[in-house]
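All chains are named by letter (A, B, ...) in the order of the sequence lines, taking the proteins before the strands, and each is independently numbered beginning at 1. Small disclaimer: the values here were computed from a predicted structure and weren't measured.
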Amino acid sequence: MAKESLNLRLQIAPPISEHRYFPAIIQASKKSPNHELRIRHHNSRKSTTSASRREFRSVEGSILSIKRLLYYVNNGCLETALQLFDKMGKSKTFVWNVMIRGLVDSGLFQEAIEMYYQMRIEGIEADNFTFPFVIKACVGLKEGKNVHSTVIKLGFDLDIYVCNALIVMYAKVGCVEDSERVFERMPVRDLVSWNSMASVYVLVGDGWSSLMCFEKMQRVGVGLDRISCISALGACVLEHRLLSGKEIFCQVLKNGLELDPMIQSSVIDMFGKCGGVDYAERFCDRIAEKNVVVWNSMIGAYAGNKKPFESFACVEMMQDANSYMAPDTVTLINLLPSCSNLRALLQGKTIHGYAFRKGFLSHLVLETALVDMYGKCGRLVLAESVFFRMKTRNLVSWNAMIAAYVQNSKDRGAIETFRDLQLEPYVPDEITFASTLAAYAEIALPKEGEQIHGLICKFGFSLGVYVANALIHMYSKCGDLEAARKIFDRLEFKDLVSWNTIIMAYAIHGSGAYCFRLFSDMINEGHEPNGSTFVSLLSACSITGIVDEGWEFFYSMKRDYGVDPGIEHYGCMLDLLGRAGNLERAKRLIEEMPLEPTSRIWGSLLAASRHHRDITLAELAANHIFSLDGDNTGCYVLLANMYAEVGRWEDVERVRSLMKKQGLKMTSSCSILEHNGRTHKFKNHDRSQSYAVYEALDVLSRKIGENGVHCSSVSKFKPTESLKARGNSPMYHSVRLATCFGLIKTTIGETVLIRKNVRLCEDCHSATKKISLITKREIVVGDSKMYHHFKDGRCSCGDYW
DNA sequence: GTAGGGTTAG
């Protein structure tokens, strides 16, 4: 069914091959961005025959030439207009005004300003018509202020048209306070003045002030028109206020504005972005003739509300033979998130191919959306190809590329891209930092994380809640719970994500009781918990091993807070039951759950059966995993280890050869430790460390009751084939080498912090507990799931992980 | 024979 509804007309031509289309894109992108303008000029040049050139010379300043000038300007024939203007007598302000307007309409702002100054130099007085054009051409505050002072000097500061233009200009250069000042000082305001004020508030993202403006203009009797409603609908989007949006929609109907296409697209957009996609759909269905913007708004509304199939269906409808409307760049941009949502790579590529064939590329926003789509569909190479071939990039494109690396677990790639970005003339924003911090959280090295925290401070970033949450997450994943807590405590406005993140931080560090206290603080502060809150709480229960509270939270999420348990909550409950050894109950929970079990669910059961050495159950879980996720390396390894533990070597060999057949390789275990700004990496049976490390390990091994092998023998250590098959001795596992290195290099009393890429093995867990007792040192080991705090011979995980 | 505010996009 899914495939059928994705059968877009876009697919008439096959999706382009990955290897063939990129060179072609480069060729296509050589087209000038001013292509359209040039064509127009070219055509107009054709019409400028030698006869008409003669005419230019003879009609200086005549009414005929003024009419011609107006004609050229109104039809966008700027070059011809300029030629005519050069030949004309320029004693009249009117002629200059027309020419300045022509330049402004073509977006040639600098040229318009230059012409205005030329006019002044030639002694022509600017009038009340000149300034609205010139003010529109001001793109910088300094220029704007200069023009404004001339306006005052010449006494046009009471002109309503001039003031309205000033209101918009000041907001565009980032000084909305100046817009307000102009508005306040106006002796008379008309509907456009109010609309200008309401629209500039939307422009600067202040929806609330815009809505106040909308309300006040009606109270003072100015009334409203279609433009007022468009701004008000935009304001509702900014404030995410569905109720206000509905009120504006009533005004639209009351004033008979619902047939206006701009109103139609704004209404659909508002409903779509305020959580009323059904209203958007109903309204859209009633529109008999939809233009491309209306279609795009509806496609965007579906895509933004996780209704990808509906958005694809919409694209097919817009291309219906009877009322065909061609998709444009915005259609494709709005459609790409639906591809990401479904991880529908083929449809994503189809859109890419269509864009290329239609000559839509190169296009900054479309290419950025493609980077985003390829990243989310797991095709990092394609995301990179698009990104590196982009003709122009901006901060959003860089952010999309960094996020693509993070989504594909290429954290070093994300960090390198972030470093490259610093060589560009862009100032990173909250999104840049949040994505980069997510990469540092995975790399999990506290010193590196601290450096980026320093950088955020250096950029003078006032710590917004978005970045602060990313920092809390990063510090907790790096093992520095204290730093995470400090940021949380200093955060003035904590949102739900802040609470969920700090609760999860304490959960992965094994402080269940603290999580529950934080949860009650959160409720007392008036926050409504969501699904993620319960993932944090249930994780805390499972990591700490508190079964009763776990069940209580599991039942209360729906009963007390109306949150339906999702697959991730069942996963946490399975971990919890597995920990408690209640394997039968765990199996029953899988059977009872109303959702289709995923490989993560069976993985929980597998982990539990491993811990309780139930091979039959492990085999059952593993079979389910293999059927859902054939290349799950972890599952093969876990099963092989279980067989090895009970000496079933034939089964070990069988699993290993299965892995080999599938081309799967075991993730080699390693431990990482930071010291003096350097990162030290240890592999199992690593022979490259210093003599002192092996010596310390030998001494400690003897003390904890394991037979140490003398360091000199380490270099000769060569596991036999049978030993390889049976798993290497844990005596020289990476975590122990890292621990010894840490103990030697740090001072007495200092905590040794180690990161491990895979789960800690039972032997090393037990050995590290003993080492913490003998050396009287706290050793913290973060594995792929949680942190183990070893102190005085005990571990914070209570020996279950 | 000239003016002002406005729709969908990463």
Side-chain angles (χ1 to χ4, degrees), chain A residues 63-71 73-74 92-102 104-105 127-136 156 159-169 171 189-200 202-203 213 217 224-234 237 257 260-270 272-273 290-301 303-304 328-337 340 363-373 375 386-387 390 393-401 403 431:
Chain A
I63 289 174
L64 189 65
S65 62
I66 289 176
K67 276 194 170 168
R68 277 187 184 282
L69 184 72
L70 261 173
Y71 175 82
V73 164
N74 288 340
K92 289 181 182 167
T93 303
F94 173 77
V95 177
W96 289 88
N97 287 351
V98 170
M99 206 56 243
I100 293 171
R101 192 198 95 189
V104 172
D105 285 350
D127 66 8
N128 54 320
F129 284 92
T130 320
F131 285 108
F133 304 134
V134 177
I135 291 165
K136 198 175 178 182
F156 292 117
D159 184 283
I160 205 158
Y161 282 85
V162 174
C163 289
N164 292 346
L166 283 169
I167 290 170
V168 177
M169 181 275 290
R189 301 178 194 104
D190 66 1
L191 180 57
V192 179
S193 320
W194 284 93
N195 281 348
S196 302
M197 213 50 233
S199 73
V200 302
V202 174
L203 191 74
C213 208
M217 64 196 280
L224 55 81
D225 68 356
R226 50 194 285 280
I227 312 260
S228 330
C229 291
I230 289 165
S231 290
L233 290 164
V237 170
L257 298 168
D260 182 307
M262 277 193 198
I263 289 279
Q264 289 169 343
S265 45
S266 300
V267 166
I268 294 169
D269 187 54
M270 178 278 294
K273 289 185 179 142
K290 305 174 188 57
N291 71 11
V292 70
V293 183
V294 169
W295 279 115
N296 289 349
S297 304
M298 197 59 235
I299 292 163
D328 67 3
T329 48
V330 182
T331 317
L332 307 188
I333 292 160
N334 280 349
L335 208 49
L336 284 168
S340 318
H363 184 289
L364 176 65
V365 180
L366 182 52
E367 284 167 315
T368 305
L370 284 167
V371 171
D372 179 73
M373 180 275 295
V386 175
F387 180 76
M390 281 172 80
R393 298 182 196 114
N394 64 7
L395 185 61
V396 187
S397 346
W398 283 88
N399 286 349
M401 195 62 236
I431 297 172

**Q** Measure CG/L166(A) against C1'/dA3(B) and give the value in whole Å, please.
**A** 13 Å

**Q** Carefully, step by step, assess S266(A) and D269(A) under the rule side-chain hydrogen bond (donor to acceptor under 3.5 Å, both in side chains).
**A** CA-CA 5 Å; S266(A) 300; D269(A) 187 54; over 6 Å; no

**Q** Just to be sure I understand the rule, does D328(A) reach a base, reach only the sugar-phosphate, or reach nothing, if contact means heavy atoms closer than 4.0 Å?
**A**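 The residue D328(A) makes no contact with any strand.
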
**Q** Choose from dA3(B), dG4(B), dG10(B) the nucleotide whose nearest atom is closest to any side-chain atom of N128(A).
**A**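 Side chain of N128(A) sits closest to dA3(B).
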
**Q** Could you tell me whether a side-chain N or O of D372(A) sits under 3.5 Å from a main-chain N or O of G375(A), the two making a donor and an acceptor?
**A**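 Flag not set: sc D372(A) to bb G375(A) has no pair under 3.5 Å.
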
**Q** Quick check for you: among dT7(B), dT8(B), dG1(B), whose closest atom lies nearest to any side-chain atom of I230(A)?
**A** dT7(B)

**Q** Classify the nucleic acid contact of N97(A) as base, sugar-phosphate or nothing, counting any heavy atom under 4.0 Å across all strands shown.
**A** base

**Q** Grab the CG-C1' distance between L233(A) and dT8(B) for me, whole Å please.
**A** 13 Å

**Q** From CG of L336(A) over to P of dT8(B), roughly how many Å is that when rounded to an integer?
**A**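 It is 19 Å, rounded to the nearest whole Å.
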
**Q** Measure from the side-chain heavy atoms of S266(A) and tell me the nearest of dG10(B), dT7(B), dA9(B).
**A**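 Of the options given, the side chain of S266(A) lies nearest dT7(B).
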
**Q** Base, sugar-phosphate or nothing for I135(A)? Non-hydrogen atoms, less than 4.0 Å.
**A** nothing

**Q** Could you check how far CD1 of I299(A) sits from P of dT7(B), rounded to whole Å?
**A** 19 Å

**Q** Which residues pass the salt bridge (Lys or Arg N to Asp or Glu O under 4.0 Å) test with D105(A), sequence neighbours left out?
**A** R101(A)

**Q** I'd like to know if the side chain of S397(A) and the backbone of N394(A) have a donor-acceptor N/O pair within less than 3.5 Å.
**A**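 Yes: the side chain of S397(A) pairs with the backbone of N394(A).
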
**Q** Using the side-chain heavy atoms of H363(A), tell me which of these nucleotides is nearest: dA9(B), dT7(B), dA3(B).
**A** dA9(B)

**Q** Using atom CG of D269(A) as one end and atom P of dT7(B) as the other, report the distance to the nearest whole Å.
**A**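 After rounding, the reported distance stands at 10 Å.
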
**Q** Any base atoms under 4.0 Å from S231(A), or only sugar-phosphate, or nothing? Heavy atoms, all strands.
**A** nothing

**Q** Report the distance from atom NZ of K67(A) to atom P of dT2(B), rounded to the nearest whole Å.
**A**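 It works out to 11 Å between those atoms.
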
**Q** Nearest-Å distance, OH (Y161(A)) to P (dA3(B))?
**A** 10 Å

**Q** So which nucleotide from dG10(B), dT7(B), dG4(B) ends up closest to the side chain of I333(A)?
**A** dG10(B)

**Q** Please report the closest heavy-atom contact between V162(A) and P132(A), naming both atoms and the distance.
**A** CG2-CD, 4.0 Å

**Q** Answer with base, sugar-phosphate or nothing: what part of the nucleic acid does S265(A) contact at a heavy-atom distance below 4.0 Å?
**A** base

**Q** Does N399(A) get its side chain close enough to the base of dG10(B), under 3.5 Å, for a donor-acceptor pair?
**A** no

**Q** Once ring-ring contact (aromatic ring centres under 6.0 Å, His included) is applied, do any residues pair with F387(A), and if so which ones, sequence neighbours excluded?
**A**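 Counting only residues at least two positions away or on another chain, F387(A) forms a ring-ring contact (aromatic ring centres under 6.0 Å, His included) with W398(A).
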
**Q** Mind checking P261(A) for me? I need base, sugar-phosphate or nothing, with any heavy atom below 4.0 Å counting as a touch.
**A** base

**Q** Touch check for N394(A), heavy atoms < 4.0 angstrom, all strands: base, sugar-phosphate only, or nothing?
**A**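 N394(A): base contact, heavy atoms under 4.0 Å.
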
**Q** Under 4.0 Å, counting only non-hydrogen atoms across every strand here, what does V365(A) touch: a base, just sugar-phosphate, or nothing?
**A**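 If one applies the 4.0 Å heavy-atom cut-off, V365(A) turns out to touch a base.
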
**Q** Let's test your reading of the model: under 3.5 Å, does the base of dT8(B) pair with the side chain of S297(A) as donor and acceptor?
**A** no

**Q** Looking at every strand, decide which applies to N291(A) at a 4.0 Å heavy-atom threshold: base, sugar-phosphate, or nothing.
**A** nothing

**Q** Kindly point out which of dG10(B), dT7(B), dT2(B) is positioned nearest to the side chain of L364(A)?
**A**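 Between dG10(B), dT7(B), dT2(B), the one nearest the side chain of L364(A) would be dG10(B).
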
**Q** Counting only side-chain heavy atoms from C-beta out, which of dG10(B), dA3(B), dT7(B) sits nearest to F129(A)?
**A** dA3(B)

**Q** Tell me the interatomic distance from F133(A), atom CZ, to dT2(B), atom P, rounded to whole angstroms.
**A**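 My rounded result for the distance is 10 Å.
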
**Q** Is the phosphate of dA9(B) approached by K273(A) (side-chain N or O, under 4.0 Å from OP1 or OP2)?
**A** yes

**Q** If you look at every strand shown and take non-hydrogen atoms under 4.0 Å, does S228(A) touch a base, only sugar-phosphate, or nothing?
**A** nothing

**Q** Take T368(A) and M390(A), measure what side chain to side chain contact (heavy atoms under 4.5 Å, CB included) needs, and give me the verdict at the end.
**A** CA-CA 9 Å; T368(A) 305; M390(A) 281 172 80; 3.6 Å; yes

